[in-house]
Structure formats: structure tokens, C-alpha cells
Undergrad: 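One structure is given below, represented as C-alpha cells, and several questions about it will come after.
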Amino acid sequence: MESFLALAVAALIAVVIVQQVKLRRPEEFTRERRRAQSTNSTTETVVVSPAKRALDAEVTERHRDLPSKFLLGAVVVEIDHLRLVRDAFSDAIGHELLGAVATLVQSQLRDTDHLDLLSDREIVVVTNELPTETDLQRLADRIVNALSAPIEFGSRSQLVTCSIGIAHITNKDDATELIGNAQAAKNVASASSGFSRELFDQTVKAEAMQSLELEHQLAQAIENDEISVHYQPAVATESKQVDRFECLIRWFHEHRGPIRPDEFLEVASRSDLIVKLGRFVLGEACYQAAAWTYEFQKPITVSVNVNHNQLLGEDFVATVSETLNRTGLPAPQLELEFSEKLVLDDIDYSQQMFAHLANTGVRIAIDNFGATAASIGVLRKLSAINTLKLDRRFIENVHTSEIERNLVASIASFASQLGIDVVAEGVETEQHAEVLAEMGIPYLQGFLLQRPAPAEDVVGLLDGSIAAS
Ligand code: G
Ligand code: MN
């Protein structure tokens with residue numbers, strides 16, 4: 001009874017505080033996102049909701065009343081992977097978690113501070129009671145501390161990490177920049193994992209400008225056919241035959257030449273561009289594999305890398321099914337690669353996603369396997385995996401280091417017992433290839449065999465074998 005009372009009181013407090021911070025329903029954000037997308041914009045910021053206007057008014061008022069030499073500060077707290085929680089459980093549970101985090105953040109504030117929601121995964125604090133930058137940093141410290149223990153909400157308990165952006169202005173600065181600056185700093189922080197924080201400064205400003213420019217150019221690049229797909233074979237070690245390719249996105253910029261995929265994918269991930277790019281690669285890959293299968297009368301498999309932001313931005317499983325239908329590629333000839341890091345970040349979510357995908361009949365690969373120490377544990381939990389792609393850092397020293405060799409050999413034997421294919425990535429030298437062949441690794445992929453290249457440059461491999469080419 002006592003604990004029931006305690007719970008009831010806690011719930012009541014939560015409700016009161018949540019109401020106090022005007023927690024909006026998740027549908028509202030979804031609607032805003034959709035509206036933003038339907039205006040063909042590449043960012044989500046074109047829609048100014050009533051709540052955003054209220055926040056702007058709050059900032060303007062505080063800025064107007066700000067004594068000189070004092071700072072008006074903003075701290076943006078983004079809960080990492082909150083959309084994964086929403087997708088894996090429900091919007092309502094995601095929203096409850098956001099409410100619980102808001103409550104904990106609120107507990108670190110003074111009465112005069114203002115807390116609001118910025119989006120369906122971001123909380124913002126506006127404060128003018130903290131006169132120095134150090135005070136703002138201390139506030140960020142307290143927020144991190146408050147959020148470091150598992151967050152209790154309803155009957156659940158969830159560990160979270162957050163990315164925090166801090167910005168401040170004086171009464172001489174432009175008030176309209178405060179929140180945007182804190183968000184830009186948060187974007188820089190969210191590039192590192194775990195709790196991370198960043199203060200808005202000139203470097204962050206320059207970075208934000210650059211990535212905005214790149215985002216703009218990327219949107220045009222899709223229209224201008226500057227984006228293409230390159231193919232790199234995973235070669236059967238014994239027979240040297242080729243019947244599977246990894247598909248890799250490439251951007252050849254009109255003036256800058258090739259742009260590194262990790263650079264532009266990071267930028268694309270901030271908007272629905274990532275979904276557009278993902279669909280483009282998936283579509284190209286499936287068309288190509290279907291065409292080659294028909295031309296060479298043998299099943300050709302393509303593997304496509306999946307970025308975690310792609311999963312968040314759309315109904316990914318539906319896109320996969322739709323693409324297979326449209327292109328006529330049999331599902332088992334499409335393999336989707338998920339990086340080990342993505343899987344480890346949220347294993348329960350990955351389990352569910354893989355189960356849905358496995359139902360469509362596609363294959364699932366773990367990319368960059370071995371990049372972290374926790375790899376083997378992952379395999380125990382995930383039954384839907386068809387392929388492991390050994391990270392190139394693993395392969396690098398395989399010919400000189402006995403430890404690496406033993407590790408690779410034991411992973412390979414473990415995988416083969418589970419009926420999982422193994423592809424060694426980053427095979428760059430004859431020595432690598434020899435050692436891996438001796439160990440019985442079934443597939444080799446890397447610069448030694450074939451660099452990623454346009455379809456017309458690799459099609460010749462399908463006629464014979466790598467050895468003959
Ligand atoms: O993370 P993932 O394995 O999907 O990365 C693929 C990237 O690795 C591509 O950009 C591709 O160009 C690159 N790549 C392919 N083969 C090799 C190789 O043998 N060595 C190195 N260093 N990179 C490679
Ligand atoms: Mn890959």
C-alpha cells in the first residue's frame with residue numbers, strides 16, 4: 001500500500017511537472033515533420049508551431065530584460081536513440097520516457113528557469129539566472145548527473161545517454177540565434193557516443209555553416225544525378241567465383257570531386273535526405289541484381305548498408321518490401337548490412353527489426369564485426385543473422401599476429417557452426433588472402449580483389465572468376 005501511495009504521488013508529481021512543461025503529444029511532432037517534408041524542405045525547421053512561437057517569445061522577453069554583463073543561456077538536451085525506443089515499443093512509451101527525462105532535468109533547475117520541448121526528442125532549458133559560462137557548464141554537469149542512473153517511468157527502467165549543446169548570448173546579441181546555436185552545438189556533441197556536450201563557439205558556427213551548405217548541395221546532387229552506386233564483390237575464396245556484391249554510395253561533386261560517404265551521410269542524417277539516399281541505393285542495387293540475375297542466369301546477391309537514421313525516418317521494412325516488388329529481385333538475393341555498433345547500441349530494437357526483416361525473406365549481415373569487444377555476445381542474442389563481415393581492422397594484422405589469427409579462426413568456426421557466412425573485409429595484400437584462405441574463410445572482399453567500381457566495370461567478373469580476370 002505504501003509503495004502504491006508512493007507511486008501514485010510520484011505519478012501525480014510527474015503529471016503536474018509534465019503539464020507545467022507543456023509536454024506535447026508525439027503525434028503533434030509527427031504531423032509537423034510530415035508538413036515540413038511535404039513542403040519539400042530538407043530540414044524540419046520551416047514549420048513554426050505555436051509551441052515554438054511561445055518559446056521564441058519567452059527568449060525574446062528574457063533577452064529584453066537581461067541586465068548588461070549577464071548572459072542568457074540555453075541548454076539543449078537530446079535523448080540519444082529516443083526514436084528507437086518509440087519504434088521498438090510505442091510512441092506513447094517514448095513520450096513517457098521523454099516526460100520522465102524532462103522531470104529529472106526540471107529537478108535541477110531554479111523556479112525562474114524555463115523548460116520546454118524542442119522536438120520529440122529534445123528538451124531545452126532557457127536561463128538568465130546564471131551569470132557566467134562556468135555556471136552554465138555546471139548546470140549541464142548536474143543534468144548529466146541526474147540522467148546517469150536508469151530512468152524510472154511507469155513500470156519501466158531505461159538507461160539513456162544524452163547529447164547536450166550549450167549556448168549563451170548577451171543583451172547585445174541577436175536573441176533569435178540562441179536556441180539555434182545551442183542546437184548546432186548539440187549536433188556536434190551528438191557525433192560522439194555516450195553523454196557528450198559541446199559549447200557553441202566559432203568552430204561550431206563554422207561547422208554548422210559548412211554542413212548546412214553541404215546539405216543544400218546534397219539535395220541538389222540527388223536531382224543532378226551526382227549520386228551513384230559502386231559495386232565491390234565478395235569473392236568466394238575457393239572457387240574465386242563472384243556472385244555477391246556490396247553496394248556503396250558515391251557522390252561525385254561537380255566542383256569538389258568525390259566526397260567521402262561518411263562525410264555526406266552524416267549531413268544527410270540530419271534530415272529526410274538520408275531516407276531519400278537510402279531508397280536510391282536500395283532501388284539501384286535491386287534493379288542491378290535483378291538485371292544481372294537475368295543476364296547471367298545465376299542468382300546474384302547484393303548487400304546494402306543501412307544507416308540507423310534511415311530506420312528512424314520511415315517504415316523501413318515497408319520500403320524494403322516495396323523495392324523488392326518493384327524490381328522483381330527475389331528477397332533472399334538482397335542482404336542488408338547493419339554495423340555492429342548500431343546493433344550493440346540497442347540490441348532489443350535490433351532483434352525486433354531483424355525479425356520483421358527476416359519475415360520478408362531478405363538476408364541480414366553484421367558489418368564491421370569485431371570492431372568492439374562485445375561481438376561474440378551479440379551473436380548469441382541474434383538468431384536472424386546470415387552473414388558476418390569481419391572488420392578490416394581485424395584483418396589488417398592477420399598475417400603477422402597470432403592472436404588476431406586465432407581470433408579470426410575462432411569466430412569463423414563459431415559462425416560456421418551457426419550456419420553463418422563469413423566475409424573478410426579489407427583484404428589488401430596477397431598475404432592477407434593466403435592466410436585467410438588457409439583458415440577457410442569462405443569470402444574475401446577488398447582492394448586486392450577489386451576496388452568498388454561502377455556496374456559496367458565489374459560486370460566482367462560475372463562471366464568467369466576473379467582469377468581469370
Ligand atoms: O563499413 P563498410 O564495410 O560498409 O565500409 C565500406 C567502405 O570500405 C567503402 O567505402 C569501401 O570503399 C571501403 N573499402 C573496401 N575495400 C577496402 C579495403 O580493402 N581497404 C580499405 N581500407 N577500405 C576498403
Ligand atoms: Mn558494409
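One-based numbering, in listed order, for ligands and for the atoms of each. We count residues from 1, following the sequence as given.
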Undergrad: I need the OE1(Glu337)-the Mn ion (ligand 2)-OE2(Glu246) angle, rounded to 10 degrees.
TA: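 Rounding to the nearest 10 degrees gives 100°.
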
Undergrad: Just give me the atom name: the N, O or S atom of Asp367 closest to the Mn ion (ligand 2).
TA: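 Nearest N/O/S atom: OD2.
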
Undergrad: Measure centre to centre between the rings of Tyr231 and Trp292, then say whether the value is under 6.0 Å.
TA: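 When the ring centroids of Tyr231 and Trp292 are compared, they turn out to be within the sub-6.0 Å range.
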
Undergrad: Is any NZ, NE, NH1 or NH2 atom of the basic residue among Arg392 and Glu428 found under 4.0 Å from an Asp or Glu carboxylate oxygen of the other?
TA: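 Not counted as a salt bridge, because no side-chain N and carboxylate O are separated by less than 4.0 Å.
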
Undergrad: Closer than 2.8 Å to the Mn ion (ligand 2), do we get an N, O or S atom from Glu425, backbone or side chain?
TA: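 It does not; every qualifying atom lies at 2.8 Å or beyond.
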
Undergrad: Got an N, O or S from Asn305 under 2.8 Å of the Mn ion (ligand 2)?
TA: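 Looking at Asn305, which is the residue asked about, there is an N, O or S atom under 2.8 Å from the Mn ion (ligand 2).
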
Undergrad: With respect to Glu246, which candidate in Gln232, Gln445, His230 satisfies the side-chain hydrogen bond (donor to acceptor under 3.5 Å, both in side chains) definition?
TA: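 Single side-chain hydrogen bond (donor to acceptor under 3.5 Å, both in side chains) partner of Glu246 among Gln232, Gln445, His230: Gln445.
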
Undergrad: Can we call the ring centroids of Phe369 and Phe394 under 6.0 Å apart?
TA: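 For Phe369 and Phe394, the ring centres are not under 6.0 Å apart.
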
Undergrad: Nearest 0.5 Å, what's the OG-CG distance between Ser271 and Leu218?
TA: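 Going from OG on Ser271 over to CG on Leu218, the span is 7.5 Å.
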
Undergrad: State the CD-CG distance between Gln108 and Leu147, to the nearest 0.5 angstrom.
TA: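 If I round to the nearest 0.5 Å, the distance is 8.0 Å.
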
Undergrad: Measuring from each atom of ligand 1, which residues have a heavy atom under 4.0 Å away?
TA: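 Contacts of ligand 1 under 4.0 Å: Gln232, Glu246, Leu248, Arg250, Asn305, Asp367, Asn368, Arg392, Glu425, Gly426, Val427, Glu428, Gly446, Phe447, Pro452.
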
Undergrad: With a 4.5 Å heavy-atom cut-off, do Val458 and Gln450 have their side chains touching?
TA: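 They are in contact (side-chain heavy atoms under 4.5 Å apart), so the answer is yes.
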
Undergrad: Under 3.5 Å, is there a donor on one side chain and an acceptor on the other for His168 and Glu133?
TA: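 On atom types as modelled, these side chains qualify, holding a pair under 3.5 Å.
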
